[in-house]
There are 2 protein chains.
Amino acid sequence: MDMTESANPFALPRSCSHCRLGHLCLPRACSFQELGLLDTVIGYQPPYPPKQRIFSQGSPFHSCYVVKSGSVKTVYVNEQGEEKVLGFYLPSEMFGFEGIFQDSHTCSAIALERTTICHISFRNLEQLATQLPSLQHWMFRMMSHELNILEQLNRWLSQNCAEERIIGFLLDLSARQSARNLSPTRFRLTMNRSDIANFLGMALETVSRILARLQRDRLLDIRGREVIINDLATLNRFKSMDDNANDGLNRHLIGRG
Amino acid sequence: MDMTESANPFALPRSCSHCRLGHLCLPRACSFQELGLLDTVIGYQPPYPPKQRIFSQGSPFHSCYVVKSGSVKTVYVNEQGEEKVLGFYLPSEMFGFEGIFQDSHTCSAIALERTTICHISFRNLEQLATQLPSLQHWMFRMMSHELNILEQLNRWLSQNCAEERIIGFLLDLSARQSARNLSPTRFRLTMNRSDIANFLGMALETVSRILARLQRDRLLDIRGREVIINDLATLNRFKSMDDNANDGLNRHLIGRG
DNA sequence: CGCGCAGTTGAGAACACTCAAATACTGTGG
DNA sequence: CCACAGTATTTGAGTGTTCTCAACTGCGCG
């Protein structure tokens, strides 16, 4: 215990100033002098174990959240009890501000694995934002970014066939890996087939079949949840049928931040 | 010319303080004393004729926009030149802040009929927001609202069959009519079948066929673009298969604000 | 070692799509 | 005011992607 942050990804960071993800996160909006102020709005919790909820649909909105390590899915449950997976969040990605509007969360957030989260008091963040115009602007940009991602996802889901959606999903994950300096061609899916299918609006059997086909065509290798992308170029050609915008921070081509 | 605002819906308003849509719009965020400040960030233009663009995909982002009268669609065009209709906007509804993130618009906005628009300088609005915390909060809420709408739309598009999507679309329009004190059961579609189909992610023939079926079942009457909803209760039963959130301001059940 | 969950594979059915043609509207000019 | 061109909408027939149901395999954990 008490290892340095870089040695133990689950260690609680002392401060935003020392966070390795700072270049992708709130500190980006602040000058060096302002960085200390961020720590006044951010809280830390011990890691969440797999399947644990960070917040629940309908619960009061107090905070936004940033994934520090691990991954998270957000889920909406309707009156019939049917689940809809709304998105997946990887380290440095922020979620929870869907709750601002109604002052309560419209979905639940659930850890997909052992996951560390920074909690950002929204009330305090808002107050700080009135004093730091660059922070205010950064927040508007983040929310606008989320809008862009959702619009792109809408396009994706309503215009593309099952195969294109799956390829887009994998390439999105790949790009988000890259943004964090991880391999864009080798990674582990932290969600199961059912979550992927639900997120992409198709049957889980379809996901399975299409992944098998892509593997047969040697475009990728997938064993369980381990993915190795063999032919990024060809896959990109499938995908680039649609995309030309929203690459501002080299994140989230489709899917969620 | 120079008629009072209520007599001529296309007359340029003198100020937000006198706008009939104030209870649904920015003035809602301001105290009486602050109302005057709003006028410093808002500009007016002569009405846009049908099919005219309010802004174009890729153009620099300067303003957000509110529909004062008429209606607007937003459209994304991909590399192949295929269009995707992203949303429809009715009076009091705000659009354009998808452009904040990249500082340029990621879609085009096009008037569907003769339409009056209020232009809100975003730079000025941001500056004003640092001085009026309630305005800042209102903006966060509006953007969060847009997120809610898009997430709901995502759910709708990926979980529901064609018939349910069309019913949801009509009921959404109906609810938005209500919010402006117009009849929820009789209204005119300002977009063509192709736009509806594109927005809902289906073929226009499917829209046509399903509307014919709903008419045959006496749930509604539709002649061209004139809609009369006969059996709101039954239609709602179809739709309420899914919804229980996002009714905060009694607007946009699906579709866009 | 076996139970349970996750994932794969197969067969048949259904919904929505495409192509094609007919009909109804809209706006314009004579 | 009517005729006409062009567009919008409806309707039909056949096809295809994806879904559902069902059985089977593999993996992890107690």
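Proteins get letters first, then strands, A, B, ... in listed order; numbering begins at 1 in each.
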B/H119 and B/Y48 aromatic ring geometry - parallel, tilted or perpendicular at 30°/60° bounds
parallel

Check this for me: A/R225, atom CZ, are more than 12 non-hydrogen atoms of other residues, nucleotides or ligands nearer than 6.0 Å?
yes

Check each of B/L220, B/T185, B/L219 against B/L232 using the side chain to side chain contact (heavy atoms under 4.5 Å, CB included) test, and report the only one that passes.
B/T185

Could you state the interatomic distance from CD (B/E98) to SG (B/C107), rounded to the nearest 0.5 Å?
4.0 Å

Could you check how far CG of B/L204 sits from P of C/dT23, rounded to whole Å?
18 Å

Using the rule side chain to side chain contact (heavy atoms under 4.5 Å, CB included), only one of B/C64, B/S59, B/S63 pairs with B/F61; which is it?
B/C64

What's the CG-P distance between B/N198 and C/dC17, to the nearest Å?
12 Å

Residues from residues 206-222 of chain B sitting under 4.0 Å of DNA chain C, heavy atoms only?
B/T206, B/R209

What is the separation between atom CD on A/Q159 and atom P on C/dC17, rounded to the nearest whole Å?
13 Å

Here the distance between atom P of C/dA21 and atom CD of B/E205, to the nearest Å, is 14 Å

Value in whole Å for how far the P atom of C/dA24 lies from CZ of B/R193:
15 Å

All salt bridge (charged side-chain N to carboxylate O under 4.0 Å, His left out) counterparts of A/E226, not counting sequence neighbours:
A/R188

Counted 5' to 3', the first and last nucleotides of DNA chain D within 4.0 Å (strictly under) of a heavy-atom of chain A are D/dT18 to D/dA22

The reported gap from CG in B/L86 to OG1 in B/T106 (rounded to nearest 0.5 angstrom) is 7.5 Å

Could you check whether A/R223 gets within reach of a base, just the sugar-phosphate, or nothing at all, counting any heavy atom under 4.0 Å?
nothing

Can you check the B/L157 CG to C/dA16 C1' distance for me, whole Å?
15 Å

Would B/R213 and B/D217 count as a salt bridge (Lys or Arg N to Asp or Glu O under 4.0 Å) if you check the C-alpha gap in whole Å, the side-chain angles of each, and the deciding distance to 0.1 Å?
CA-CA 6 Å; B/R213 185 158 79 228; B/D217 296 346; 5.2 Å; no

Quick test of your reading of the model: are A/K73 and A/D195 salt-bridged, counting only N-O distances below 4.0 Å?
yes

Rounded interatomic separation in angstrom, taking CG from A/L112 and P from C/dA6:
13 Å

